[in-house]
Protein chains: 2
Amino acid sequence: MTLPLSTYTKLMRAAESVTSRTSRPMSDAGLTISQFGVLEALLHRGPLCQKDIAAKILKSSGNITMVIDNLVKRCLVRRERSETDRRFITIHLTPEGSSLINEVFPQVSAAIVDNMAILSSEEQELLGQLCRRLGRQD
Amino acid sequence: MTLPLSTYTKLMRAAESVTSRTSRPMSDAGLTISQFGVLEALLHRGPLCQKDIAAKILKSSGNITMVIDNLVKRCLVRRERSETDRRFITIHLTPEGSSLINEVFPQVSAAIVDNMAILSSEEQELLGQLCRRLGRQD
DNA sequence: GTCTAATATTTTAATATCAAACAATAAAAC
DNA sequence: GTTTTATTGTTTGATATTAAAATATTAGAC
């Protein structure tokens, strides 16, 4: 296999490996990766409309409707129609949602830190720089 | 955000970016990423049982049943029950499947090479080594 | 040899994903 | 001001994804 293809394969495997090793706290809390992504975005950025959430977690907006639906069913978030522009629906964490994500996020975060610790700080910096160049360019 | 979390985020974004930029030839051929993965595995490794295919494309075996079902519907692969151990089902490319993957794979491959070319060979080597250390460790 | 454990696949139920069509609303053009 | 265009979100239809239970088959224990 040529260098670019082999590098791409390793990149994909690394991303999938770290994710699968760090998603246990999510599934233990009954959250899917997308649900966790939504709650985390709301935790760190405050209330957001669905379009912004979709952009943050890189999913289509049709999809977000369903993810939010399932979070609403579990009373972890609530929808609030904007008064000024009725096209927008702002999503808010409920107290239950806030409590859950405040408990789960540190666990996931700690697992990611643990996993990345295979690389030194310098290596992580370097990896981040290389990845950023592949990520941008849109 | 701390270095490990920021590095992880960049890793994920890079993997998703390159994949989304290189999957056009697949969707143009009416193939999902998983369907492409199955056909590619069969192209490069020859006939495989479903368990081995699942391991190759990192998906659950329950899932593979459906992906293969959809490929069979389009006559791109066929199932063949093993005579020696009837638990195994070996999946073979049909002539149509072989023809399709032989057309699509080089396109995807070329797109990946193009995308990775943002990095020099040395940088790709380095990225591959860093990613491999994150990927292994199971 | 029979019973038990292991393996390969399928099924089921719930959620996710995307693309495309649709509905509602707002902004811009005229 | 009405019409056109753009934006936000929902719905629909097809496929994917996982976990867990079920099925079929083989291998191992006794």
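Here is the naming used below: chain letters follow the sequence lines, and residue numbers restart at 1 for every chain. These figures come from a predicted structure and were not determined experimentally.
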Length of the line joining A/Met66:CE and D/dT12:P, which is rounded to integer Å: 11 Å
A/Asn70 side chain near C/dA14 phosphate (N/O to OP1/OP2, under 4.0 Å): no
Rounded distance in Å - CZ (A/Arg24) to P (D/dT18): 15 Å
Exam field: side chain A/Ser23 to backbone A/Met26, donor-acceptor pair closer than 3.5 Å: no
A/Asp85 vs B/Arg86, nearer the 5' end of DNA chain D by closest nucleotide: A/Asp85
Closest to side chain of B/Ile89, choosing from C/dT15, C/dT10, D/dT11: C/dT10
Interatomic distance where CD belongs to B/Glu16 and C1' belongs to C/dC18 [whole Å]: 15 Å
Along DNA chain C (nearest heavy atom to each residue), the more 5'-positioned of B/Thr65 and A/Lys73: B/Thr65
Side-chain (A/Thr7) to main-chain (A/Leu3) donor-acceptor, under 3.5 angstrom: yes
A/Thr32 side-chain N/O to C/dT15 phosphate OP1/OP2 under 4.0 Å: no
Distance, rounded to the nearest Å, where A/Asp69 contributes CG and D/dT12 contributes C1': 14 Å
Under-4.0 Å side-chain N/O to phosphate OP1/OP2 contact, B/Arg79 with C/dT10: yes
Whole-Å gap separating P (D/dT10) and CZ (A/Phe88): 13 Å
Spacing between B/Ile64 atom CD1 and C/dT10 atom P, to the nearest angstrom: 10 Å
The single option from A/Asn102, A/Val104, A/Val38 passing side-chain contact (heavy atoms from CB on, under 4.5 Å) against A/Leu43: A/Asn102
Out of D/dT8, D/dT10, D/dA16, whichever nucleotide has its closest atom nearest the side chain of B/Asn63: D/dA16
Candidate nucleotides C/dT10, D/dG9, D/dT18, ranked by approach to the side chain of B/Lys59 - the nearest: D/dT18
First of B/Arg81 and A/Ile33 reached from the 5' end of DNA chain C, by closest nucleotide: B/Arg81
Whole-Å gap separating P (C/dA24) and CD (A/Gln50): 17 Å
Whether over 12 other heavy atoms sit under 6.0 Å from A/Arg74 CZ: yes
Minimum-distance nucleotide (side-chain atoms of B/Arg87 versus C/dT25, D/dT18, D/dT26): D/dT26
B/Gln35 CD to C/dC18 C1', straight-line distance once rounded to whole Å: 13 Å
Side-chain N or O of B/Ser34 closer than 4.0 Å to phosphate OP1/OP2 of D/dT17: yes
Whether A/Ser99 side chain and A/Pro95 backbone form a donor-acceptor pair below 3.5 Å: no
